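This report concerns only the one structure given below.
Here the structure is a predicted model, which means the values were calculated and not measured.
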Amino acid sequence: MLPFEEQAVADLLEDPNGGLVVVSSGLPLASLAAALLLHLHHQSTSSSPSGGGGGGGGGGGCFLILSAPDALRDQIRRRLVESQLLQVHDVASDVPAAHRRALYASGEGAALFLTPRVLAADLLTAHLLPSRVRALLLLAAHRSSDTSADAFIARLLRQRRLLPVYAFSDRPHAMVAGFAKAERTMKSLYVRRLHLWPRFHVLAAADLERSPPEVIDVRVPMTHPMAGIQAAILDAMDACLKELRWTYKVDVEDLTIDKGLFKSFDEIVRRQLDPIWHTLGKKTKQLVADLRTLRKLLDYLGRYDAVTYLKYLDTLRVSEGVRSVWMLAESSHKIFELAKRRVYQIVRPDGTRVSIAKGTPTKKRKVTPSSSKKGKETENEDNAPNKDDAQKVNAEASFVLEEVLEEAPKWKVLRELLQEIAEEQRKEDGVVPEDENNECGIVLVACKDERSCLQLQECISRTPQQVMREEWEKYLLGKAELFGLHKKKKKRSQQPKGFGVLDGEFPTGSNENENAGPVSISKLETNALLAAASGISNLTKEADAKEDSVPSCSKKGSVKGKGKGKGVPKKTLTKRQASKRKNKSTTENDNGQGTDVEASGKTDEQSDINVSKVSVEDAPAPASTVDNVDDLIDAKMLPPVQFYALDSDQHVLDIWKPSVIIVYHPDMTFVREIEVYKAENPSKKLRVYFLFYEESSEVQKFESSIRRENEAFESLIRQKSLMMIPVDQSGRCIGPTPANEPEPLLSQNSLTRKAGGRKPTGKDMQVIVDMREFMSSLPNVLHQKGIRIIPVTLEVGDYVLSPLICVERKSIADLYQSFASGRLYNQVETMIRYYKIPVLLIEFSQDKSFSFQSASEVGDDVSPTNIISKLSLLVLHFPRLRIVWSRSLHATADIFMSLKSNQDEPDENKAMRVGVPSEDGVVEDDVRAENYNTSAIEFLRRLPGVTDSNYRAIMDGCNSLAELALLPAERLAELMGSQKGARTLKEFLDAKCPSMIS
């Protein structure tokens, strides 16, 4: 441990209440938690012979750890196992209650990782006694609030004894979100001390800067199309922000481009707009979604290759083109045009480029000649005779498709850095360590996600040209497949729909073709792309035919890690390779490069694979052509490379122990991890390369993240000097308990004539709660109001307030989902069957609007897709159902207390047996099951002619379905009250079944 970590643990142990620790992102949170657990264990073992300790609950007990992410839990587990002092157990939600009880009983001096739902239920059912707990650790304090599960558990443990609660957070910017976030969190967790450890702390800075690594900042210039796309995206973001400012419903200070680069910007805007979301127009709502899309576009520009970026833009045009606001901006045209220019261009045979010129939407587009070809050529220069054939495909008689396939500038720089590192290692060692697994020579390349890791591995093991060619072929084949689907589903009209920008039409401007009509640029591009795709597919078929006649070669090498997809298709051959191949062809595996960037609004954490561990020496060798001999030699001369995905959130520096780290996508958290790794290993030589795009949003985002964290810590320092945490006489922190809440004015003044206003002693209220409901915060709020919570597994309903009242609680999202699946109908039907007062509780969020939709959106007629119409039909179908609307969790608790007034308390045993059949198959308290055959009733109600108004009369007139089938039509008309309905039912019952035997 570093000295500042030891000091942080010592500060925490001073207060018997515990404390809240906020550290900079990337500092060793797992090391702090593990060291704290070991110190507490040492204190408990040393004080156990003499009885109870001073503040921590005597001389033993287990340590409860909550809200630990998977990566952080693995680090703490590894450190505790290495110490061999504490036992570590994972108590998952699927562990049986008896096994959990045994773990709690025998868990003296053990660290237990639990979920809040399981722990809250075990504390309420006395499976775990607070006296058996030594301390509570919370590893995500920034998520805690007075209604969270962490606060609920802290209250349950601190009711009767002084138990230390230690909370940790490495998200300082989340601790300043909202009004007095840190102070409210501390009160809810019953802690009174706030410990701040920013990167600029004197002790932390001294430890981390004592032996810093050698840092080399490499600035890579962006290509002209990339710079143009970035400027256009920033212009579009600025336009959207200006539109939002004009709504006068958001705080203008928070709406800046600098803050718009982070995900938290969406939370800032939604936090301000959620209370009035139902009053906003469609344009304002779409602006919020457009800002999220533009932020992704800006992030993906430097992360992915040109073909993948264009593919993402194509999906955006399809999915958001109709309703999007930013696509109507002037800069959006530039984004799409430059993205295409990075991949391909449509030119005339004389080299004149075909594109849509800049201008107003009402002007006609012109064909502007380009004096110079932009973009890099992807073919090797030694293949000059076939260059034109490889890069130009006839689309129509007068137009050709010119491939550009611009490579990412960082690819070339990365390869040069690896060659430079290999040369330096050869100078130091004298020989190349091929077979020797030298950990000191490992080069770690850190990328944002796992797809980038796989693509960089391909660029290193093969060539960037081959990678871009492969992506281009997939793009073309995808276009051809999509065009084929559209052609099957819909026949295109032969008549032109119009002329102008909306239809993508523009005059060719050619003097030679005077009679030529308007040509659609989209049709021109589509024809050119389809022609290129057909050529590639033909070459692939020819290669496959040759492959069938030639025995397949054995695979050479393999890729480590989880990046290899199952059933990966064979790599398609380029035209240059197909023209040079004479005798036989070899195929390679495509290592998952077909994974596309999704356009459905997913978050940036789309990588499911934790760590991409790839070795260049073990990578598959490229096709053995003459052009690739130099590349093969270069690949063998490169040092061993390990790729690490930052999104996996795993700490691999202590495992791999690299000597050189290349930060391909700069990240502040990973930079801090590198500093800690070097401070813990001061004798190890470490060199760090940072790859930045010069004058890009990547640099701005990295610098803004550091500045934002420093500002958050400065705000926390000011709050710490002003906050007030109430304590009792013994120094115990007083949290938000019902005794601290002021009584309402009515109760203070109404009973002053009776015993001086003394409050009458009333019986304790209790509510039976389904175990699944502990995922929500309502049991916490009910317990905070002084209501006893009894957790059981209920078959009917979510909450049982009395023997007569059963409540089915639905949040807004759950309500929509239950209507869509039909689950709500069955739940209401079972409640009506067993309880006299069934209640459907519709609970809104406190910080959102108390409305489904605005008044202008409510229609006059019943619509099957409208939520109000669905609720109306539900009430009509179940007249006994009562619907209760709640504005927030606290309002729901007040409603429950008012509903329970003048009602008996529910019986736990009876509530558990409701709806559960016995061994004989009989369901208790089922009135319908005792008097009627419920299955026959359901079958009767589905017969033609039987309605809700006449099925009871039919049941009274006949005893069974067999007797119903024998009734004459006159008797049926008398029972059903309608000649038409009786005739319909009689014809259905007397109809002959078709015979399946011929």
Side-chain angles (χ1 to χ4, degrees), residues 1-13 21-39 69 71-72 74-83 139 168-172 195-217 421 439-446 611 642 644 646 648-691 702-703 705-707 709-710 712-713:
M1 287 182 63
L2 297 176
F4 84 91
E5 299 178 42
E6 299 177 355
Q7 184 62 40
V9 175
D11 293 344
L12 269 177
L13 295 173
V21 181
V22 182
V23 301
S24 289
S25 179
L27 292 188
L29 192 61
S31 177
L32 288 175
L36 177 64
L37 288 171
L38 294 176
H39 277 78
L72 187 60
D74 294 340
Q75 295 178 62
I76 297 175
R77 175 194 292 275
R78 187 175 71 250
R79 294 176 183 272
L80 294 179
V81 170
E82 290 174 357
S83 67
L139 300 181
F168 297 87
S169 175
D170 58 352
R171 307 284 178 87
H195 307 277
L196 302 176
W197 288 92
R199 170 62 178 81
F200 56 81
H201 194 284
V202 177
L203 297 179
D207 292 339
L208 297 179
E209 296 173 3
R210 186 172 291 113
S211 57
E214 180 185 356
V215 179
I216 301 175
D217 192 356
I421 293 169
E439 290 186 351
C440 298
I442 290 179
V443 179
L444 180 64
V445 180
V611 180
Q642 304 289 346
Y644 167 60
L646 297 173
S648 64
D649 198 24
Q650 291 197 3
H651 300 262
V652 297
L653 296 178
D654 294 332
I655 300 175
W656 288 342
K657 300 184 183 302
S659 60
V660 180
I661 300 175
I662 300 177
V663 185
Y664 191 84
H665 294 133
D667 181 74
M668 181 189 66
T669 302
F670 187 64
V671 171
R672 301 275 168 76
E673 294 176 7
I674 294 174
E675 289 182 321
V676 174
Y677 167 71
K678 184 62 175 69
E680 293 176 348
N681 302 275
S683 60
K684 185 178 182 60
K685 292 183 180 180
L686 180 64
R687 185 185 306 167
V688 182
Y689 293 90
F690 287 95
L691 296 185
F702 181 75
E703 295 175 351
S705 61
I706 299 176
R707 184 168 55 252
E709 185 182 85
N710 293 338
F713 271 112

task = Decide side chain to side chain contact (heavy atoms under 4.5 Å, CB included) for F702 and V671; before the verdict, give the C-alpha distance in whole Å, the side-chain angles of both, and the deciding distance to 0.1 Å.
result = CA-CA 11 Å; F702 181 75; V671 171; 4.0 Å; yes

Heavy-atom side-chain contact between N681 and L686 under 4.5 Å = no

query = Can you list the steps and then say if D170 with T669 is a side chain to side chain contact (heavy atoms under 4.5 Å, CB included)?
reply = CA-CA 10 Å; D170 58 352; T669 302; over 6 Å; no

request  = Kindly compute the distance separating NE2 (H201) from OG (S24), expressed to the nearest 0.5 Å.
outcome  = 10.5 Å

query = Who are the salt bridge (charged side-chain N to carboxylate O under 4.0 Å, His left out) partners of E709, not counting sequence neighbours?
reply = R672

query = Can you list the residues that meet the salt bridge (charged side-chain N to carboxylate O under 4.0 Å, His left out) rule with R77, with sequence neighbours excluded?
reply = D90

remark   = Value for CZ (F168) from CG (L72), rounded to nearest 0.5 Å, stands at 10.0 Å

inquiry  = Looking at every heavy atom in both D667 and V663, which two are closest together, and how far apart are they?
reply    = N-CG1, 4.3 Å

message = Applying side-chain contact (heavy atoms from CB on, under 4.5 Å), can you list everything that pairs with H651, at least two apart in sequence or on another chain?
response = Q75, E673

For Y677, all residues meeting ring-ring contact (aromatic ring centres under 6.0 Å, His included), sequence neighbours excluded = none

ask   = Looking at residues at least two apart in the chain, or sitting in another chain, which of them share a side-chain contact (heavy atoms from CB on, under 4.5 Å) with R171?
value = H142, S169, H173, A174

request  = Calculate, to the nearest 0.5 Å, the distance between atoms CG and CG belonging to L208 and L27 respectively.
outcome  = 6.5 Å

Heavy-atom side-chain contact between V652 and Q642 under 4.5 Å = no

task = Please report the shortest heavy-atom distance between P198 and A204, naming the atom on each side.
result = O-CB, 3.9 Å

request  = Starting from the C-alpha separation in whole Å, work towards a yes-or-no answer on side chain to side chain contact (heavy atoms under 4.5 Å, CB included) for H39 and L12.
outcome  = CA-CA 11 Å; H39 277 78; L12 269 177; over 6 Å; no

inquiry  = Run the side-chain contact (heavy atoms from CB on, under 4.5 Å) test against E82 and tell me which residues pass, sequence neighbours left out.
reply    = R78

ask   = Which residues satisfy the side-chain hydrogen bond (donor to acceptor under 3.5 Å, both in side chains) test with Y689, sequence neighbours excluded?
value = R687

ask   = Would you call I661 and F670 a side-chain contact if the rule is heavy atoms closer than 4.5 Å?
value = yes

message = Does this structure show an ion pair linking E214 with K678, if we count only N-O contacts that are shorter than 4.0 Å?
response = no

query = Are any non-hydrogen side-chain atoms of V676 and L653 less than 4.5 angstrom apart?
reply = no

Please set out all donor-acceptor pairs under 3.5 angstrom arising from side-chain atoms of residues 1-11, sequence neighbours excluded.
from: E5; atom 1: OE1; to: S31; atom 2: OG; distance (Å): 2.6
from: Q7; atom 1: NE2; to: D11; atom 2: OD1; distance (Å): 2.9

Rounded distance [0.5 Å steps], CG in L38 versus CZ in R79 = 10.5 Å

remark   = d(L691 CG, I216 CD1) to nearest 0.5 Å is 10.5 Å

task = Please report the C-alpha distance between I662 and I421 in whole Å, then the side-chain angles of each, then the deciding distance to 0.1 Å, and finally whether the side chain to side chain contact (heavy atoms under 4.5 Å, CB included) criterion is met.
result = CA-CA 11 Å; I662 300 177; I421 293 169; 4.1 Å; yes

inquiry  = Going by the rule salt bridge (charged side-chain N to carboxylate O under 4.0 Å, His left out), which residues pair with E703 if we only count those two or more places apart in sequence or in a different chain?
reply    = none

For D207, all residues meeting salt bridge (charged side-chain N to carboxylate O under 4.0 Å, His left out), sequence neighbours excluded = R210

ask   = By side-chain hydrogen bond (donor to acceptor under 3.5 Å, both in side chains), which residues pair with S83, not counting sequence neighbours?
value = none

query = Once the angle between the rings of F713 and F200 is folded into 0 to 90°, is it parallel (under 30°), tilted (30 to 60°) or perpendicular (over 60°)?
reply = perpendicular

